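Down below is the structure, laid out as structure tokens.
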Number of protein chains: 2
Amino acid sequence: MTVANINDIATHTGLSNATISRYLNGKPYVSKEAQLAIDMAVRELGYRPNASARSLRSGRTGRVVMVLRDAYHPFYAALLAGACRAAASVGYDVLVQQNHAEGWHSDRLTQLVTTRGVDGVILTTDLDPWSEYQSALSGIPAVTCDQALSDQSLPGVFIEHYQSTIEGLSHLRERGARCIACVQAPPADPCSSSDIRSAAYHDFAAQNPDTQIELVSIEDDLVHSGYVMLDALVHRSTPVDAVFSGSDDVAAGLLIAARERGIAVPGQLRILGFDDQPIARTLEISTVRQPVRRMGERAFELVHSIIHGENRFGADRLRVPYRLMVRSTT
Amino acid sequence: MTVANINDIATHTGLSNATISRYLNGKPYVSKEAQLAIDMAVRELGYRPNASARSLRSGRTGRVVMVLRDAYHPFYAALLAGACRAAASVGYDVLVQQNHAEGWHSDRLTQLVTTRGVDGVILTTDLDPWSEYQSALSGIPAVTCDQALSDQSLPGVFIEHYQSTIEGLSHLRERGARCIACVQAPPADPCSSSDIRSAAYHDFAAQNPDTQIELVSIEDDLVHSGYVMLDALVHRSTPVDAVFSGSDDVAAGLLIAARERGIAVPGQLRILGFDDQPIARTLEISTVRQPVRRMGERAFELVHSIIHGENRFGADRLRVPYRLMVRSTT
DNA sequence: GTAATGTATGGAAAGGATTTCAGAGCAAGG
DNA sequence: CCTTGCTCTGAAATCCTTTCCATACATTAC
């Protein structure tokens, strides 16, 4: 006998394993004496219930998976941190899958889900051939976080990308901008957040003929990407007088480059970021604040409540508030 | 019957579950015809082996846990990203626990390990009362990553903190520094990396009497922390002429603040970071490069090889190389 | 021709919990 | 006294695989 199991506790206390199980799971109908005996036996034999056996029988694993592009990206890292915090507080564990990393196969998620390795899924990014995952994900509680997927039927947490984008653009225009470069990652999915933003750019331009919108695509939204992008923006035939970046890091890179070139911010160039990462506060960059960590928490709470069949939020789609933070770059 | 199980495949093919299991696990002694029949039945019934049942019987979960302070911190995020990548390539999953987040209880890790919820553990940070975890972790493959714990017997990957710190200090001295502020998080553990660095500071000061070392403690190693720290460093009675920061983010904050104050870098103040995060490259900050992502990969590979009883690295403690990156701040 | 090996298979026993169901004991209500 | 209902308990079924062991047959070795 290498490790004590529930039957060892049963024989040691003279009770049956059913009673042990009831007590350890906090169910009623266990006498005071039985409880004490069990406590003592558990401590004495160092008994720990076997997680696999438990979840085999109960059908619950106490685990969820969060799918993200790259754990190193600050936006996803914040989502993950939030989800882990929320999960820990109710005894759940979070498992990570990076779908943009080398070594990722499209069926890793499917595998995990169909083998019942997790109780739920949090999607923070588009899954490329959505059809490939659809059937697997329809059999398990799954929520989206920030990204609106093709399948709009999935519940999820999100911010109003359309409204917040309009508000950001209006702010830049109020501050005198008439040629705004909008920087963001290439749209991956017809309903992704970047496409919602694109729609907002379009509508805004239509309603404000005096203001020009330039779309700029970017690969990695890192500080460096913004840093190397500045020259291209100001050395155009019609130089831009404002940049609305989908990422604070890119905005930071632009600001740093602008300072080095002696370009006045916000006099000559207005810069507006998105997210309100710590670097935006440090560099006094105006930005649209998203409570990213909280979005991760909410996403977990949502999937958790669905797992337990008690959606305490009432709504399937949770809106989290955004807020325009006006600082020194606009 | 809601979901097909292995016995359904058995009856459907006319074989026994033992044969199905053998084939699905790639073991020998399955005829060609049997293989085809199984393939067909699996596809037809949409059979997926149940992960819990499998790991209950086999004792393997295909999962490891990585313990880190905070997934949002870029250093830990990079470790995690590396570990996830390496894990994905061999079909393993990584589970995250943040031991500095709200909602973390000291027994969450113990619980996970003693209930056999994972096959292995990667520790990237000190566990505060180490004695509390020691017995649980002695029964499972566990490796450290970057941090040297009290229990030196654990295998792990690390960089030469002592050597690299000496090299950094020597570099600063060569560039004319005579009063160096060394910034780092407060030491948590007698064998942690910050304590190894402290020893290096001490030895360096002893061997170079003309150079003064000032230890500066910091709570969060974020850009903002460096930003607000600068004034205290230069407005001292004996102002420092160089800063060696344990984190690139802090170094970046210092550099940004210095530029705003009009302090010449590196003329008046030399700045040296640690890690070589993207921001260091962008801002041209000299730094000691650590291949952090690769450290995460190596840590996983190490624990994976121990799980399979075949430590292909030979050594228990893997050294990964560091490299001094001289840029424009020194 | 017999012994020894190797391949292909199935029956049945773990593996360790949860959960259902039935039953025993006891108090209260009629 | 009988019924009802509540608390406490245990036997046994169940969850789904992997793995041990036995068996049947075909081949090769001596």
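In what follows, every heavy atom counts, from backbone to side chain, and hydrogens, waters and symmetry copies are set aside. So that the names make sense, note that chain A is the first sequence line, chain B the second, and so on, each numbered from 1. Everything numeric here is computed off the predicted structure, so don't read it as measured data.
Rounded to a whole Å, the CG atom of B:L24 is 13 Å from the P atom of D:dT19. Rounded to a whole Å, the CG atom of B:D8 is 11 Å from the P atom of D:dC15. If you take CZ of B:R48 and P of D:dT17, they are 12 Å apart, rounded to a whole angstrom. As rounded to whole Å, 11 Å separates atom C1' of D:dT19 from atom CG of B:N25. To the nearest angstrom, C1' of C:dA17 lies 9 Å from CG of A:N7.
A:R60 and A:S55 share no donor-acceptor pair across their side chains, judged by distance under 3.5 Å alone. For the residue pair B:R69/B:T125, the side-chain donor-acceptor check at 3.5 Å is satisfied. Of the N and O atoms on the side chains of B:D146 and B:T124, not one donor lies less than 3.5 Å from an acceptor on the other residue.
Residue B:R60 is classed as having no contact, given no heavy-atom separation below 4.0 Å to the nucleic acid. The residue B:A10 sits apart from the nucleic acid: no heavy atom pair falls under 4.0 Å.
Distances shorter than 4.0 Å separate none of the side-chain N or O atoms of B:K27 from OP1 or OP2 on D:dT18. An OP1 or OP2 oxygen of D:dT7 is reached within less than 4.0 angstrom by no side-chain nitrogen or oxygen of A:S31. Between A:Y47 and the phosphate of C:dA17, there is a side-chain N or O to OP1/OP2 separation shorter than 4.0 Å. Put simply, A:N5 has no side-chain N or O that comes within less than 4.0 Å of OP1 or OP2 on C:dG15. Between A:N50 and C:dG16, a side-chain N or O to OP1/OP2 separation shorter than 4.0 Å is absent. Contact check, B:T19 against C:dG10: a side-chain N or O comes under 4.0 Å of OP1 or OP2. Distances shown here put a side-chain N or O of A:S21 below 4.0 Å from the OP1 or OP2 atom of C:dT18. Between D:dC25 and B:Y29, no contact under 4.0 Å exists linking OP1 or OP2 to a side-chain N or O.
When distances run from any side-chain atom of B:L15 to the nucleotides C:dT18, C:dT9, D:dT18, the shortest one goes to C:dT9. With D:dC20, C:dG15, C:dA17 as the choices, the nucleotide that has an atom nearest any side-chain atom of B:A18 turns out to be D:dC20. Of the candidates C:dT9, C:dA13, C:dG10, the closest approach to any side-chain atom of B:R57 belongs to C:dA13.
Comparing B:L56 and B:N17 along DNA chain C, the residue whose closest nucleotide (by nearest heavy atom) sits nearer the 5' end is B:N17. Residues A:I6 and B:E33 each lie close to DNA chain C; by heavy-atom proximity, the contact nearer the 5' end of the strand is made by B:E33.
Between B:M66 and B:L79 the shortest side-chain heavy-atom distance falls below 4.5 Å. The side-chain heavy atoms of B:V143 and B:F300, taken from C-beta on, include no pair separated by under 4.5 Å.
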